[in-house]
There are 2 protein chains.
Amino acid sequence: MKYDLTKKSTKGAQRTLRAFSDAMYKLLAEKSYDDISINEICKISNFPRATFYNYFEDKKDLLNYCWLLFKEESNIEQYHDVADEDLQEYVLGQIFEAMDQHRELLTQLAKHNANNSSIVSSIYEYFKNEAITILKQHLKNQTSKVPLELVAEHYSNTILLVLKWIFIENHPLSKREAMEYVDELLGK
Amino acid sequence: MKYDLTKKSTKGAQRTLRAFSDAMYKLLAEKSYDDISINEICKISNFPRATFYNYFEDKKDLLNYCWLLFKEESNIEQYHDVADEDLQEYVLGQIFEAMDQHRELLTQLAKHNANNSSIVSSIYEYFKNEAITILKQHLKNQTSKVPLELVAEHYSNTILLVLKWIFIENHPLSKREAMEYVDELLGK
DNA sequence: TTTAAATTTAGACATGTGTAAAAATACGTT
DNA sequence: AACGTATTTTTACACATGTCTAAATTTAAA
């Protein structure tokens, strides 16, 4: 991301960011990610390409920004202390909510893009990293031969695997059922 | 892959396939995957770009072909019946051997490419699919609430996670230790 | 309101991607 | 060795990507 999201941004910048991400969302609902060109995004959003490159490194960079909005827009309850044994449930719940509130977009994505296209792995990786970040902080007191990082990534893999099954591969399950799947896969 | 690998190929085709994959290997040892262009591959292998497109869809397609060679060249013992409880060990062992015999290339890859670059996920996905294929066939008689496909993918994820840790993130472990990690992650 | 600073824009450039059709070449078969 | 087929090469084209610069415009602050 070329644009600095931490500093407070001007109205113009807000408008521009919004225009580009809206255009991306619109195109994602219409066609496969690979078939979307930056030229097209610019045409729809009525900004010149130079402006696009003022804000984003490339198409993937914009996509990542879209996932950020995606997460922020689903006003997930803020994190509050969770008992360690509820940790996986908490993380799964948070991402489940975010995806649940964007079911339509995800359905369209699944429709236009093959299952292992770069866009599916893009969303997968984005939320996996979210999960890893939370899990790593709270698994510190575990005693296991396997390194903490591996455990955190493994839990995250498992959670995202089930969420992909539900929201991308379109097997509707409740949050509770999702949790049961995760528990069983983790041998609990 | 545009070229049909199943039919027996002419000497010329063999030579061409070899030239392209050699060029790719050479470049992979030198620079990051994203910085490798098809033009460059063609310059090194002394073939025109159109010939490249006779054989491969795109750069990723050639890369996938490289993993195929990678696997074939490590003369892994042929599959023979394995007891179900040894299945994970068998699959892990096979891929461990293949990666072990290409340690140098993997080290170079890790050096030039960020951890989640498309090339790392490319090799990850390739072997993950190998693992899934074997596991799916042999997990048929499991009785679990979680669907077979999910279980197979979960096991494969876990195996590849540990192998990535060892060969890409460069934490040397023996095959036995790797197996212990996998068992612990799977809650065995 | 004015002005200095920051941002945005237009356009050009070099490079890369992928397709298509015709021409040249190599190859196995006889 | 010559033939006919299949492959490879040449050539040309259309479009995408990413960078750069100078000019225009917008913004924030005086």
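Bear in mind the structure is a predicted one, so any value in this text is a computation, not a measurement.
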Counting just side-chain N and O atoms, does B/Asn39 come under 4.0 Å of either OP1 or OP2 of C/dG16? yes
Between atom CD1 in B/Ile41 and atom C1' in C/dT17, what is the gap in whole Å? 12 Å
Distance, rounded to the nearest Å, where B/Asp34 contributes CG and D/dT17 contributes P: 14 Å
note: B/Lys43, atom NZ; C/dG16, atom C1'; distance rounded to Å ~ 12 Å
Measuring from atom CG of B/Asn116 to atom CD of A/Glu125, what distance do you get when rounded to the nearest 0.5 angstrom? 4.5 Å
Between P on D/dG18 and NZ on A/Lys60, what's the gap in Å once rounded to a whole number? 12 Å
Looking only at side-chain atoms of B/Arg49, point me to the closest of D/dT19, C/dT17, D/dT10. C/dT17
Rounded distance in Å - CZ (A/Arg15) to C1' (D/dT25): 12 Å
DNA chain C nearest-nucleotide lookup for B/Lys2 and B/Glu40: closer to the 5′ end is B/Glu40
Which listed nucleotide (C/dT9, D/dT17, C/dT19) is nearest to the side chain of B/Tyr53? C/dT19
The side chain of B/Ile38 is closest to which nucleotide in this list: C/dA10, D/dT10, C/dT17? C/dT17
Among the nucleotides C/dT9, D/dT17, C/dA20, whichever has the atom closest to the side chain of B/Ala50 is C/dA20
Modelled atom types, side-chain donor and acceptor of B/Asn54 and B/Lys2, under 3.5 Å: no
The answer to which of B/Pro48 and A/Asp58 contacts DNA chain D further toward the 5' end, by nearest nucleotide, is B/Pro48
From CZ of B/Phe52 across to C1' of C/dG18 the rounded distance in Å is 11 Å
Cationic N near anionic O, under 4.0 Å, A/Glu97 to A/Lys175: yes
Using atom CZ of A/Phe56 as one end and atom P of D/dT17 as the other, report the distance to the nearest whole Å. 15 Å
Expressed in angstrom and rounded to an integer, what is the separation of A/Gln14 atom CD from D/dT26 atom C1'? 16 Å
Are the charged groups of A/Lys31 and A/Glu40 less than 4.0 angstrom apart, N to O? yes
Is it possible for you to check whether B/Lys59 lies under 6.0 Å from the centre of the six-membered ring of B/Tyr33, through NZ or CZ, and within 45° of that ring's axis? yes
So what does B/Thr16 hit on the nucleic acid, given a heavy-atom distance under 4.0 Å: a base, only sugar-phosphate, or nothing? sugar-phosphate
A/Tyr55 side chain near C/dT8 phosphate (N/O to OP1/OP2, under 4.0 Å): yes
Would you tell me if any nitrogen or oxygen in the side chain of B/Thr51 comes within less than 4.0 Å of OP1 or OP2 on D/dT8? no
Check whether any side-chain nitrogen or oxygen of A/Thr10 sits under 4.0 Å from OP1 or OP2 of D/dT27, and answer yes or no. no
